[in-house]
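Working notes, structure below.
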Amino acid sequence: MSSSSNREKDRYNLTTPEVLANPYPTYRRILLENPVYWSDFFGGWYLMRYKDVAAAMQDKRISAKRPPVSKLPELEQQKILPLLETLSKWILFSDPPEHTRLRTLFNKAFTPSIIDSMTERIQTLVDELIDGVYDLGQIDIIHDLAYPIPAIVIAQMLGAKPSDREQFKKWSDDLARFFGMFRMKPEILTSAQQSIIEMTEYFRCILEERRHTPQDDLISRLIFAQEKENSLDDDELLSNCVFLTFAGHETTTNLIANGLLALLKNPHQMQKLKDDPSLITTTIEEFLRYDSPVQRQARIAVTDLEIDGKQISQGQRLFLMIGAANRDPEQFSDPDKLDITRPENPHLAFGKGTHFCLGAALGRLEAQIAINTIVRRFNNLRLDTDQIEWHENPSLRGMKSMPVAFNP
Ligand code: HEM
């Protein structure tokens, strides 16, 4: 069946520009009418409610080891075997015991003290980027700040040169398009594959260098852990460096920009934060809940199971709809309201359980520093467009650009 007729069969369309711009009213409709819903278009079950998403994230009958894209014709799969081979090694797509082995190793390079020690460096970076545009009076938040901040941080952690960041952007954009793809486009597959090959080669050179001359960075710590534990081969290490590059910035860019947009649309909340910058911790948690950078994660049922009276068959795909769960009125009072002082906020934006985001502390730190500095330094900050364009990506929610003006 063609995609368009599947879409007609699907009662809820999550891919129109209007819904991509604001998916929350449609999520609410699905949640109330059909909280466990089979989507013909996406070929999987949507889990909309907080309790179902949280439970699925911790359910051993539901596996993270899924094909990275659904419904790809056999011939197309053959063409992208190297890409699929790399993705199959990603920690995100593994189950215990492989997952436990990888996670134990990666945890060693992401300890709270390592992340804390980066505070000053991140603050300096944010200030330098703002200094560079401060006199302009008009900037694009994505291009000038929200993208470069996490891209430079993760590139430095992985031993890459900050000057290569445009190259990183291309590689990462190609991967984001691949994961968000809801129409089969051969050029998206080929550019994702080409980018993954180039990134792997890039990191292979750094790996060789650091083996001879270790430095105080993430990649040297991973090599040290690899040699000590003897439980990670070079291909796994390189594949996961590619994943960290991607996971480490696409999401954080969107956390900073979506969050700032929410503040600009809620000037009272913006004023509250200006008056009391110590509210930044709960502010970032509220951004994560209110407009989650990762809107959904896929899984596969490894056995037949039942959720809310619906029969899920072994091998069927499930979409854990994080963005919908984080606005579930059963879990959050007044869920459509941005409240930067929300006292209880157990959102699922970083997942829950086994695959809980490894970079959560780093992403939080970067967003806290970026938002507080932007709010403090830009005078009379305002949106400079009526028409925001969103990426055509139902999984990773972010804007293509975010023009703002301010009084220098
Ligand atoms: C700040 C915004 C971020 C958000 C919203 C976010 C969100 C997520 C989500 C939803 C998952 C998957 C949970 C699941 O499938 O159950 C995840 C996993 C992961 N994230 Fe993040 N992430 C962010 C930042 C980062 C950063 C900065 C890094 C690294 C530098 C990172 C590295 C990872 C890794 C390695 C995993 C896989 C963990 C595993 O499978 O055990 N993330 N993240």
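Every number for a ligand or one of its atoms is a count from 1 in the order of the listing. Nothing fancy with the numbering, it's 1 onward along the sequence.
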Tell me whether the centres of the aromatic rings in Y12 and Y46 are closer together than 6.0 Å. no
Could you tell me, atom by atom, which parts of ligand 1 come under 4.0 Å of a heavy atom of [X]?
{"X": "L255", "value": "1 (C)"}
{"X": "L362", "value": "30 (C)"}
{"X": "I154", "value": "30 (C)"}
{"X": "T354", "value": "41 (O)"}
{"X": "Q297", "value": "15 (O)"}
{"X": "H99", "value": "39 (C), 40 (O), 41 (O)"}
{"X": "R103", "value": "38 (C), 39 (C), 41 (O)"}

Could you find the nearest protein heavy atom to atom 7 (C) of ligand 1 and give me its residue, atom name and distance? A349 O, 3.4 Å
Does [X] have a heavy atom less than 4.0 Å from any atom of ligand 1?
{"X": "M157", "result": "no"}
{"X": "F93", "result": "no"}
{"X": "F106", "result": "no"}

Of all residues at least two apart in sequence or in a different chain, which pass the salt bridge (Lys or Arg N to Asp or Glu O under 4.0 Å) check with E166? none
Quick check: closest heavy atoms across L102 and N240, and the distance to 0.1 Å? CD2-ND2, 4.2 Å
Please state which option from T100, T245, N258, L92 has its nearest heavy atom closest to atom 12 (C) of ligand 1. L92
Among H347, R364, R299, Q58, the residue with a heavy atom nearest to atom 14 (C) of ligand 1 is R299
Please determine whether the number of non-hydrogen atoms from other residues, nucleotides or ligands lying under 6.0 Å from atom NZ of K51 exceeds 12. no
Any side-chain heavy atom of R397 sitting closer than 4.5 Å to one from P293? no
I want to know if ligand 1 touches K352 in the polar sense, i.e. an N/O pair below 3.5 angstrom. no
Going by distance only, is there an N or O of T252 that falls short of 3.5 Å from an N or O of ligand 1? no
Within the distance-only criterion (no hydrogens, no angle test), does the side chain of T111 pair as donor or acceptor with the backbone N or O of N107 below 3.5 angstrom? no
What protein N/O/S atoms are there under 2.8 Å from atom 21 (Fe) of ligand 1, waters excluded? C357 SG
